[in-house]
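Below you'll find the structure, written out as structure tokens, and then a few comments.
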Amino acid sequence: MNLELREKFDAVIQRVEKARIRRSEHHIVQIVAVTKYVSEKEIQELYELGQRAFGESRVQDLKAKSEALSDLPIEWHFIGRLQKNKINHLIDLEPWLMHSLDSLELALEIDKRLEKKGKKMDCLLQINSAKEPTKAGIEPEMAYDTYLKIIEETKHINLQGVMTIGAHTEDKDVIKKSFETTYKIYEALKPHGAEICSMGMSNDFELAIECGSNMVRIGSLFFN
Ligand SMILES: *Cc1c(COP(=O)(O)O)cnc(C)c1O
């Protein structure tokens, strides 16, 4: 057993636990371990500690790692920007959840390919909550309507909720605001089936949980 990894894993779980209880004792948070920095070996070690959900941000890495570890019952999450020419590859990998659906146009394109392959895909709508030009995602003002349009206009995409990356700044208030913006949209979408609010990474997951996140994506805390 990798003792150093075990310590890091336990520390993350305890921090998540404390943050979720600050929100509410009934608030449950799932941890997705982001493994884009590491190889199959580290994924397997984390698996042996009990982790089941893993996230990758590139389709080719997701393919290589999920195929190498196909014996393990892992939930694979896709969290990166999806290029059009990778859509079919991603569908074939049957990810557990795709976090980064970032436009109606992409949704329609994925839906077309899913139709052809006779498959479905669970997805989250990615929101550019701090309106950063370098970031993917739907503008917050457009997110609600786009979510409903995707439900209306696609048959093979199952929208499960929303995802955001916290504002890229040291200013906690600004980060918090980006999480609150996303949470508000999530709440408005609950009557339309939204169940997952994916927000929070190594540097800001506690704040995200306090703002209502029920899925955090943590990488560097495990592997640095
Ligand atoms: C890399 C990445 C993460 C994990 O980031 P850390 O800061 O290493 O925890 C989470 N979400 C997305 C979309 C990422 O690309």
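Order of listing sets the numbers, starting from 1, for every ligand and every atom in it.
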Test side chain to side chain donor-acceptor pair (under 3.5 Å) applied to [X] - qualifying residues, sequence neighbours left out:
| X | answer |
| --- | --- |
| Glu132 | Lys135 |
| Gln51 | none |
| Lys63 | Glu67 |

Notebook entry, point to check: Taking the inter-plane angle between the rings of Phe9 and Phe222 on a 0 to 90° scale, is it parallel (under 30°), tilted (30 to 60°) or perpendicular (over 60°)?
Noted result: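 If you compare the ring of Phe9 with that of Phe222, the planes turn out tilted.
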Contacts table for ligand 1: protein N or O within a distance under 3.5 Å of ligand N or O, distances only.
residue: ligand 1; atom: 5 (O); partner: Tyr37; partner atom: OH; Å: 3.4
residue: ligand 1; atom: 7 (O); partner: Ser220; partner atom: OG; Å: 3.4
residue: ligand 1; atom: 8 (O); partner: Tyr37; partner atom: OH; Å: 2.3
residue: ligand 1; atom: 8 (O); partner: Ser220; partner atom: N; Å: 2.8
residue: ligand 1; atom: 8 (O); partner: Ser220; partner atom: OG; Å: 2.6
residue: ligand 1; atom: 9 (O); partner: Ser202; partner atom: N; Å: 3.0
residue: ligand 1; atom: 9 (O); partner: Ser202; partner atom: OG; Å: 2.5
residue: ligand 1; atom: 9 (O); partner: Gly219; partner atom: N; Å: 2.8
residue: ligand 1; atom: 11 (N); partner: Arg217; partner atom: NE; Å: 2.9
residue: ligand 1; atom: 15 (O); partner: Lys36; partner atom: NZ; Å: 2.7

Next item on the list: Check whether any side-chain heavy atom of Tyr47 sits under 4.5 Å from a side-chain heavy atom of Pro73, and report yes or no.
Entry: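 Answer yes - side chains close enough.
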Next item on the list: Considering non-hydrogen atoms only, spot the tightest contact between Ser129 and Thr182 and give its length.
Entry: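 Looking at all heavy atoms of both residues, the closest pair is CB-OG1, 3.2 Å.
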